[in-house]
Amino acid sequence: MQLFRLTTVFLIMVVLCSLLSSEGTVTVVYPREPVMKTEGHPLSLKCEVRYETQNCDIVTNWWYIKPTKREPESKPITDPNQYVIRVNETQKEKEKYRRRNILLSFNSLNLNDSGYYQCDARCVNSGTQGKGHLVYLNVTADPYKGLKVSTWSGKLKADTAVLAFSAILFLWCY
């Protein structure tokens, strides 16, 4: 009777392992470091999605934003007026994985772009999903915003006056 139980357990484990290995695997990779930029500057965030072509016909992948860590849900980034998302996909000849780079570009950062960003991908046929970690983007105020820089200074006025006086003196002496 004990032999029957061991055989049953073994068969169940084999079936479960084969089911798990047949699922498409999706991995999302990008740097963990927080990003700090000044408003008005451009920025690109890049994530790489790796997936098995045999078991995963990936079609959905997005960058998401969470304005604060406490927010319950992330919102997909879809506004083409504010963001540009570019996708580039490659597969090397003898690799079973494809690599999809998803680049989120900001033309000009503003303070409202601060928040937690996350990239994820999902296999349509198997439902397998890969999520990246949250990366914090801290957009700081431009300290020079609104300041007018003068090209004329008092020193330049004084130098001009000395130069004019020197020219008059030079002409008077000759």
Side-chain angles (χ1 to χ4, degrees), residues 13 15-153:
M13 287 178 56
V15 168
L16 285 175
C17 288
S18 68
L19 285 174
L20 289 174
S21 66
S22 69
E23 289 290 313
T25 58
V26 179
T27 308
V28 179
V29 181
Y30 50 91
R32 289 190 174 273
E33 295 82 31
V35 179
M36 188 169 177
K37 286 284 189 173
T38 306
E39 68 178 322
H41 290 257
L43 173 71
S44 290
L45 298 175
K46 176 186 163 189
C47 80
E48 181 179 272
V49 176
R50 297 177 193 150
Y51 63 98
E52 204 174 295
T53 55
Q54 186 177 18
N55 299 319
C56 181
D57 58 347
I58 188 169
V59 289
T60 61
N61 44 265
W62 292 104
W63 274 98
Y64 290 86
I65 182 170
K66 268 180 127 172
T68 65
K69 229 179 187 176
R70 290 186 214 125
E71 296 241 355
E73 263 185 54
S74 299
K75 299 171 189 155
I77 295 173
T78 56
D79 183 0
N81 297 322
Q82 191 171 1
Y83 312 98
V84 175
I85 296 178
R86 282 180 256 138
V87 178
N88 179 18
E89 191 163 318
T90 59
Q91 181 175 7
K92 293 186 180 170
E93 212 172 292
K94 294 187 180 179
E95 277 188 353
K96 65 179 184 177
Y97 288 96
R98 289 189 84 129
R99 297 171 188 265
R100 179 177 282 190
N101 292 315
I102 307 164
L103 196 66
L104 172 65
S105 297
F106 301 80
N107 289 332
S108 179
L109 288 168
N110 65 54
L111 295 175
N112 293 334
D113 290 326
S114 289
Y116 292 88
Y117 288 79
Q118 184 177 37
C119 183
D120 84 347
R122 182 186 319 258
C123 294
V124 173
N125 59 346
S126 67
T128 305
Q129 184 175 6
K131 281 188 177 246
H133 49 275
L134 293 172
V135 171
Y136 185 67
L137 170 60
N138 183 13
V139 181
T140 58
D142 183 357
Y144 302 109
K145 186 176 180 179
L147 292 178
K148 293 182 180 177
V149 179
S150 173
T151 57
W152 187 257
S153 68

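Computed over heavy atoms, backbone and side chain alike; hydrogens, waters and symmetry mates excluded.
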*Asks:* Under 4.5 Å between any side-chain heavy atoms of His133 and Tyr116, yes or no?
*Replies:*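 Result no, sub-4.5 Å side-chain heavy-atom pair not found.
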
*Asks:* Out of curiosity, Gln91 CD to Arg99 CZ, how far, rounded to the nearest 0.5 Å?
*Replies:*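 Those atoms lie 10.0 Å apart.
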
*Asks:* Which residues pass the side-chain contact (heavy atoms from CB on, under 4.5 Å) test with Glu39, sequence neighbours left out?
*Replies:*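 Here the qualifying residues are Leu111, Val139, Ala141, Asp142, Lys145.
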
*Asks:* Output all residues satisfying side-chain contact (heavy atoms from CB on, under 4.5 Å) with Arg86, sequence neighbours left out; order by chain, then residue number.
*Replies:*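 Arg86 satisfies side-chain contact (heavy atoms from CB on, under 4.5 Å) with Val84, Leu103, Ser105 only.
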
*Asks:* Main chain of Thr78, side chain of Trp62: is a donor-acceptor contact present, judged purely on distance under 3.5 Å?
*Replies:*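 No, Trp62 side chain to Thr78 backbone: no donor-acceptor pair under 3.5 Å.
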
*Asks:* Please identify each residue that fulfils ring-ring contact (aromatic ring centres under 6.0 Å, His included) with His41, with sequence neighbours left out.
*Replies:*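 Listed in chain order: nothing, the list is empty.
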
*Asks:* Would a 4.5 Å heavy-atom cut-off, applied to side chains only, mark Glu89 and Tyr51 as touching?
*Replies:*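 Heavy-atom side-chain distance check passes, below 4.5 Å.
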
*Asks:* Identify the two heavy atoms, one from Val35 and one from Leu45, that lie closest to each other, and give their separation to 0.1 Å.
*Replies:*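 It is CG2-CD2, 4.1 Å.
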
*Asks:* So, taking the atom named NZ in Lys46 and the one named CG in Asn88, what distance separates them when rounded to the nearest 0.5 Å?
*Replies:*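 It comes to 8.5 Å.
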
*Asks:* Quick check: do Thr25 and Thr128 have side-chain heavy atoms less than 4.5 Å from each other?
*Replies:*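 When only atoms from C-beta onward are counted, Thr128 and Thr25 do not touch, as no gap falls below 4.5 Å.
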
*Asks:* According to the disulfide (SG to SG under 2.5 Å) rule, which pairs have a member within residues 77-119, sequence neighbours left out?
*Replies:*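 Qualifying pairs, neighbours excluded: Cys47-Cys119.
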
*Asks:* Who are the side-chain contact (heavy atoms from CB on, under 4.5 Å) partners of Tyr83, not counting sequence neighbours?
*Replies:*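 Expected list: Ile77, Asp79, Leu104, Phe106, Asp113, Tyr117.
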
*Asks:* Name all pairs fulfilling the salt bridge (Lys or Arg N to Asp or Glu O under 4.0 Å) condition that reach into residues 28-38, sequence neighbours left out, sorted by first residue then second.
*Replies:*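 Checked against salt bridge (Lys or Arg N to Asp or Glu O under 4.0 Å) - neighbours excluded - no pair reaches residues 28-38.
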
*Asks:* Hey, what do you get for OG (Ser44) to CD1 (Ile85), rounding to the nearest 0.5 Å?
*Replies:*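 If I round to the nearest 0.5 Å, the distance is 11.5 Å.
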
*Asks:* For Val28 versus Ala121, what's the shortest heavy-atom pair and its separation?
*Replies:*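 Closest approach of Val28 to Ala121: CG2-N, 4.2 Å.
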
*Asks:* In terms of heavy-atom contacts, does NZ of Lys66 have more than 12 from other residues, nucleotides or ligands at under 6.0 Å?
*Replies:*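 Yes.
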
*Asks:* So, do Val26 and Arg122 sit near enough that their side-chain heavy atoms are less than 4.5 Å apart?
*Replies:*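 Not touching, per the 4.5 Å side-chain cut-off.
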
*Asks:* Could you tell me the separation between the CD atom of Gln118 and the OH atom of Tyr30, rounded to the nearest 0.5 Å?
*Replies:*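 Reported to 0.5 Å precision, the distance equals 5.0 Å.
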
